[in-house]
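What follows is a set of notes on a single structure, which appears directly below.
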Amino acid sequence: MAVLKSFYGTMPDGKEVELFSITNNNNVTLQVITFGAILQALYTPDKFGRLNDITVGFDSLYGHVNFSDYQGKTVGRYANRLCHSSFNVSGNDVQIEANEKGGNCCHSAGEFSDVVWDAEIVGDNAVKMTYTSPDGNKGYEGAVTAVVLYTLTDDNKVVIDYDVVADKTTVLNFTNHTYFNLSGSASGDVLDHVLKINADYYTPTDSFSIPTGELRAVKGTAFDFNEPKTIGRDIGENDEQLVMCRGYDHNFCLSKKDNEPCAEVFEPVSGRTLKAYTDLPGVQLYTGNFLDGTVLGKGGMPMPKHNGFCLETQHYPDTPNHPDFPQCTFKAGEHFISRTIYEVGLQK
Ligand code: BGC
């Protein structure tokens with residue numbers, strides 16, 4: 001394998017953005033760019049050997065900068081929502097910038113996803129991206145240095161390693177926000193994809209997508225993916241949570257054992273499969289509910305509702321405001337270390 005580097009685009013302030021491309025022995029190609037440490041594309045063969053990019057998003061920097069719904073982005077320092085954009089860290093009240101209704105903050109208002117990272121090729125199959133967010137950025141306390149290592153293996157795994165450290169006590173919760181469509185990026189919705197999620201509970205939310213604090217059993221509800229079923233089977237149910245969020249946009253509390261995938265997806269026509277692995281306690285299933293076809297994505301094609309699904313490995317949303325959730329506050333110098341794997345394959 002080899003990592004190829006090329007020019008991707010120029011930011012409005014003149015900064016250059018680079019693209020890195022890695023192809024393995026099975027013709028799987030991973031592309032990443034330095035803006036937002038974005039997973040730009042993932043080309044995989046279907047059961048007939050045809051290659052498609054199975055990620056939904058943009059093929060220009062202009063799209064990523066101006067129209068993004070976080071497609072492919074690395075999100076931190078706190079992925080997902082923080083209620084009223086405030087929380088308490090070791091006795092200090094922290095008030096960060098709000099970017100959503102209700103004065104809430106989602107995805108840390110682009111702290112790590114709307115910036116250009118430094119990049120370095122590592123060996124013949126990996127790229128290391130680094131970005132330091134200064135103390136006070138978006139209202140957070142403490143400078144945070146995040147290192148994200150993207151690796152493509154010959155057994156078709158995209159491995160994303162996070163190593164993040166701050167110089168003051170703060171919350172750390174990093175994720176990747178890729179929208180997958182195993183039929184190929186411009187192939188309509190993902191409602192026919194068969195999904196399994198290894199979770200017995202999920203965190204229902206209020207109308208602003210803030211967890212109420214309840215851990216609700218999935219059993220007997222549309223949220224039970226323990227037995228594989230299509231994403232579309234129950235998405236239209238008259239369930240208050242689904243109606244409010246226009247589909248799945250919820251954190252699942254993982255009940256998997258150590259090396260098991262947290263989620264598995266199969267698309268019957270292409271035969272493609274995707275397995276997601278994480279060492280974090282949750283995964284956000286987001287079914288592209290707010291895509292509405294008005295924004296053009298890759299190849300100039302519209303991105304309609306449910307065009308992709310995200311499996312955002314994470315700590316539960318709004319964790320610092322819920323003492324009962326598994327916590328993610330890190331002291332100065334203490335490292336947030338986490339690994340997410342997206343493994344692609346075929347099922348005959
Ligand atoms: C959130 C959605 C949001 C999407 C894009 C997801 O992680 O849960 O509510 O629309 O990101 O920002």
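Remember, it's a predicted structure, so these values are computed and weren't measured experimentally. Order of listing sets the numbers, starting from 1, for every ligand and every atom in it. All heavy atoms count here, side chains included; hydrogens, waters and symmetry mates do not.
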Closest to atom 5 (C) of ligand 1 among protein heavy atoms sits Asp69 O, 3.6 Å
Atom 2 (C) of ligand 1 sits nearest the protein heavy atom Asp249 OD2, 3.1 Å
So the atoms of ligand 1 within less than 4.0 Å of a heavy atom of His107 turn out to be 6 (C), 7 (O), 11 (O), 12 (O)
Is it true that the NZ or CZ of Lys138 lies under 6.0 Å from the centre of Tyr140's six-membered ring and within 45 degrees of the ring axis? no
Among His177, Glu100, Lys73, Gln284, closest by heavy atom to atom 6 (C) of ligand 1 is His177
Atom 10 (O) of ligand 1: closest protein heavy atom, distance to 0.1 Å, is Phe290 CD1, 3.3 Å
Exercise. Is the gap between the ring centers of Phe180 and Tyr342 under 6.0 Å?
Worked result: yes
Among non-hydrogen protein atoms, atom 12 (O) of ligand 1 lies closest to Tyr70 CD1, 3.2 Å
Q | Polar atom proximity, Asn80 to ligand 1 (N or O, under 3.5 Å) | A | no
Only one of Thr175, Asn80, Asn176, Asn173 passes side chain to side chain donor-acceptor pair (under 3.5 Å) with Gln314, and that residue is Asn80
Evaluate side-chain contact (heavy atoms from CB on, under 4.5 Å) for Asp114 paired with Phe35, printing each intermediate quantity in order. CA-CA 7 Å; Asp114 291 344; Phe35 177 66; 4.2 Å; yes
the protein heavy atom lying closest to atom 7 (O) of ligand 1 turns out to be Glu312 OE1, 2.6 Å
**Report entry** Tyr70/His107 under ring pair (Phe, Tyr, Trp, His ring centres under 6.0 Å): CA gap, chis, key distance, verdict
**Finding:** CA-CA 9 Å; Tyr70 292 88; His107 298 326; 4.5 Å; yes
Min side-chain heavy-atom separation Val75-Phe112 under 4.5 Å
no
